[in-house]
2 protein chains.
Amino acid sequence: MPKINDVAENAGVSITTVSRVLNNRGYISESTRNKVFLAMKELNYQPNEMARSLYRKKSNMIGLIIPTVTNPFFSELTYHLEYFANLKGYKLVLCNSMKNIQKEHDYIDMLKKNQVDGILVGSSVLDVEHYLNLNLPIVSFERTLANIPTVTSDYITGGKLAAQLLLDKGCLKPALIFQAGGGPHHQSLLTAGIGQGFEDVLKGTAIRPVYMELDPDININQCHGNELLRIFNEHPEIDGVLTEDLLAAEIIRICNRLDKKIPEDIKLIGYDDVMIPSLLSPRLSSVRQPIKEMSEYIIESIIKQIKGEVVPMLHTIPVTLIERETT
Amino acid sequence: MPKINDVAENAGVSITTVSRVLNNRGYISESTRNKVFLAMKELNYQPNEMARSLYRKKSNMIGLIIPTVTNPFFSELTYHLEYFANLKGYKLVLCNSMKNIQKEHDYIDMLKKNQVDGILVGSSVLDVEHYLNLNLPIVSFERTLANIPTVTSDYITGGKLAAQLLLDKGCLKPALIFQAGGGPHHQSLLTAGIGQGFEDVLKGTAIRPVYMELDPDININQCHGNELLRIFNEHPEIDGVLTEDLLAAEIIRICNRLDKKIPEDIKLIGYDDVMIPSLLSPRLSSVRQPIKEMSEYIIESIIKQIKGEVVPMLHTIPVTLIERETT
DNA sequence: TTGAAAGCGCTAACAA
DNA sequence: TTGTTAGCGCTTTCAA
């Protein structure tokens, strides 16, 4: 790999001059500029970003910590985050924490040592203090961290929309089935607001929903078949469900097995609206989190912080309910 | 952020000494070592990996270029690659190329400038020369690149296993439906060997399969409904299908719509065995690529190359056929 | 308009 | 056993 010095020699100028044309700073005569460009081309020179970063104290790297990129919600989010980061000249270092405290901790350490300019963290399981002590730009999502800029979708409205639709379709015994939060500090989506929105709508009625939290264990090929089967056996009166997209897929299978027709016997609504819903049969109605817009906002927020700007502590992104064939 | 100099002053030694205990090199008295450790703890010192990398000319970063992490196959692969990379002390920089030549090119540039120690590239669309000229450790997967270490699953055997099962189940008109390769240099899975394996098994019989290549366009929420519908309308005699998992999901929906029963009227086999198959209803039979083992091998291979060792140009990973409810 | 020299935070000869 | 010093490849002040 040629270095700035090689270019300087080849062009017959000092390295300062090369640096100047590289950064387009200061006065340079056209002829020198051309000489330098020629030399760069001839040597196929590429500046060493590591050295530049060291001097500038800015790496243009952002750490992304999520439970696992195998979860479709996070994989879509990761895609868009990387897209927008790249657009702004940032690289993304991927970290799969599996909601494991130790792993999350180690990743943060690693990212800090590697001089990332900021950290994006989803479904964090660590104490807020860990992040506050970092003294580094942070954006949290899928979990509200006090005093750390957070972006989430509008869970409450999501819950309301789903409840209303289920009501409209005549459900008398709706169920909310979500994974419990992993780790001591993790709120489940349910407690995070979806449940509250759901409750808000039902308040005026005689309808009491069934709340269910599933084992929070994460696994690459997670399967909740048995747990779900138990729930439907214990509560045969359930005639509507709001749950995460991934779980909705399993529920469709369980209902097939139990000879419950969707949507006739049970209306089903997912939360997330990732790729899954349109893959399923019947196609899943789902509360859509606008992942792309969320990602764009998250990247904007971290970059603003990196630039030293102040950003709001909480940003809520609106959701919509996409009705398909399960309601 | 405290620097090595701060630690040195605090401990009353030279920075060389601090560096020595940091790297555990050379002779150091226990007492000095302890003094230094204490100072590091007191200042909460973390060595600047960027500076170390600059000196060592080794960043411990690996670039990962894939079409899109939203594809379940690549998201699972990415998860495991990151896992094993992390285990060996490497970070992964994620790049979603969308099989776009320009993007892939720019990402390579970026990675090179950022001094990654190696590049992992899946479904590359660039000329081999681009990679050979890089003069950097590379591992390719999901596409065979001449003179570049490549790892793929055993497509031929995969095709054979599927063909045999379809035969055994009495199919007379099996179809192979895959996405065409994107970009000028991209082989589709079909031409890559699956088709050949399939053909091998059918050779002795009177059975002629239907080959179908779908529009290679990638989209986050890709949907091939209309194309698939057309295929089944034009070929109502199809009674068995081998396809990618993701497409299999769509085919199940189409069959529902067309009132074709699975597996009675049509036997369906996926390729990949990612998370999707067990989500579907009926659960999808699928040729399993051992993604975890592939990932482990890929990381091993790139690290060996980084260390200057020679690795085989082609490594084929065995596949198995997981029979579930669609055959 | 250009260049010499110091320094970003670290490692490693070499000397003491 | 420890310290001095010269770099890693780059940017930038300061002087010419």
Side-chain angles (χ1 to χ4, degrees), chain A residues 1-40 43-61 89 109-117 136, chain B residues 1-40 43-61 89 109-117 136:
Chain A
M1 284 279 271
K3 354 186 284 182
I4 199 170
N5 192 40
D6 301 322
V7 178
E9 280 185 8
N10 183 300
V13 297
S14 76
I15 62 169
T16 312
T17 305
V18 177
S19 174
R20 281 210 185 87
V21 349
L22 218 50
N23 297 287
N24 202 18
R25 243 192 277 293
Y27 297 108
I28 292 180
S29 76
E30 263 317 299
S31 74
T32 343
R33 182 189 302 275
N34 286 138
K35 271 191 302 184
V36 173
F37 272 137
L38 239 79
M40 297 208 282
L43 299 176
N44 200 270
Y45 171 73
Q46 303 216 275
N48 181 331
E49 289 298 331
M50 197 133 242
R52 303 176 108 176
S53 295
L54 179 60
Y55 184 90
R56 295 184 184 141
K57 295 171 182 300
K58 180 153 187 305
S59 64
N60 275 40
M61 291 199 312
D109 242 52
M110 180 276 274
L111 293 171
K112 187 106 201 253
K113 283 199 286 211
N114 281 279
Q115 316 297 120
V116 296
D117 295 334
L136 208 67
Chain B
M1 283 280 272
K3 353 186 283 182
I4 199 170
N5 193 38
D6 301 322
V7 178
E9 281 183 8
N10 184 299
V13 297
S14 77
I15 62 168
T16 311
T17 304
V18 177
S19 173
R20 283 212 184 85
V21 349
L22 218 51
N23 298 286
N24 202 18
R25 244 192 276 291
Y27 297 108
I28 292 179
S29 75
E30 264 317 301
S31 74
T32 351
R33 183 190 301 276
N34 285 139
K35 271 194 299 185
V36 172
F37 271 136
L38 240 79
M40 297 209 283
L43 298 176
N44 200 269
Y45 171 73
Q46 303 217 273
N48 181 331
E49 289 297 332
M50 197 133 244
R52 304 176 107 177
S53 296
L54 179 60
Y55 184 90
R56 295 187 184 139
K57 295 173 183 301
K58 178 152 189 306
S59 65
N60 274 40
M61 289 197 316
D109 242 52
M110 179 276 273
L111 293 172
K112 187 105 202 254
K113 283 198 286 211
N114 282 278
Q115 315 298 120
V116 294
D117 296 333
L136 208 66

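Order of the sequence lines sets the chain letters (A, B, ...), proteins ahead of strands, with each chain counted from 1.
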Under 3.5 Å, which donor-acceptor pairs do the side chains of residues 8-15 of chain B form with other protein atoms, sequence neighbours left out?
| residue | atom | partner | partner atom | Å |
| --- | --- | --- | --- | --- |
| S14(B) | OG | T16(B) | N | 3.3 |
| S14(B) | OG | T17(B) | N | 3.3 |
| S14(B) | OG | T17(B) | OG1 | 3.2 |

Practice task
For R25(A) and for G26(B), locate the closest nucleotide of DNA chain D by heavy-atom distance; then report the residue assigned to the nucleotide nearer the 5' terminus.
Solution key: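 Of the two residues, G26(B) wins.
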
Report the distance from atom [atom1] of [X] to atom [atom2] of [N], rounded to the nearest whole Å.
| X | N | atom1 | atom2 | result |
| --- | --- | --- | --- | --- |
| N114(A) | dG9(C) | CG | P | 16 Å |
| I4(A) | dG3(C) | CD1 | C1' | 13 Å |
| N48(A) | dC8(C) | CG | C1' | 13 Å |
| I28(B) | dG3(D) | CD1 | C1' | 12 Å |
| Q115(A) | dG9(C) | CD | P | 9 Å |
| M50(B) | dG9(D) | CE | C1' | 12 Å |
| N5(A) | dG3(C) | CG | P | 13 Å |
| N24(B) | dC10(C) | CG | P | 17 Å |

Report yes if at least one side-chain N or O of [X] is closer than 4.0 Å to OP1 or OP2 of [N]; otherwise report no.
| X | N | result |
| --- | --- | --- |
| R52(B) | dG9(C) | no |
| K57(A) | dT11(D) | no |
| Y55(B) | dA13(C) | no |

Practice task
Ignoring the backbone of R56(B), work out which of dT11(C), dT1(C), dG9(D) is nearest its side chain.
Solution key: dT11(C)

Is [Y] close to [X] at the side-chain level, that is, under 4.5 Å between some pair of heavy atoms?
| X | Y | answer |
| --- | --- | --- |
| V36(A) | R20(A) | no |
| M61(B) | Q115(B) | no |
| V7(B) | F37(B) | no |

Handout entry: Side-chain donor-acceptor pair present, K58(A), N60(A), cut-off under 3.5 Å
Key = yes

Practice task
Using only heavy-atom distances, determine whether the side chains of N23(A) and R52(A) contain a donor-acceptor pair under 3.5 Å.
Solution key: yes

Exercise for the section: Ignoring hydrogens and angles, tell me if any N or O in the side chain of D6(B) forms a donor-acceptor pair with the backbone of K3(B) under 3.5 Å. Expected result: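 Yes.
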
Handout entry: V116(B) backbone acceptor or donor facing N114(B) side chain under 3.5 Å
Key = no

Practice task
Could you check whether T32(B) gets within reach of a base, just the sugar-phosphate, or nothing at all, counting any heavy atom under 4.0 Å?
Solution key: sugar-phosphate

Practice task
Check each residue of residues 13-22 of chain B for a non-hydrogen atom within less than 4.0 Å of any atom in DNA chain D, then write out the ones that pass by number, or none.
Solution key: V13(B), S14(B), T16(B), T17(B), R20(B)

Practice task
Return the minimal non-hydrogen interatomic distance between D117(A) and L136(A), and the atom names on each side.
Solution key: O-CG, 4.4 Å

Exercise for the section: Starting from the first five and the last five pairs of the helix from dT1(C)-dA16(D) to dA16(C)-dT1(D), work out the angle between the resulting helix axes, to 10 degrees. Expected result: 50°

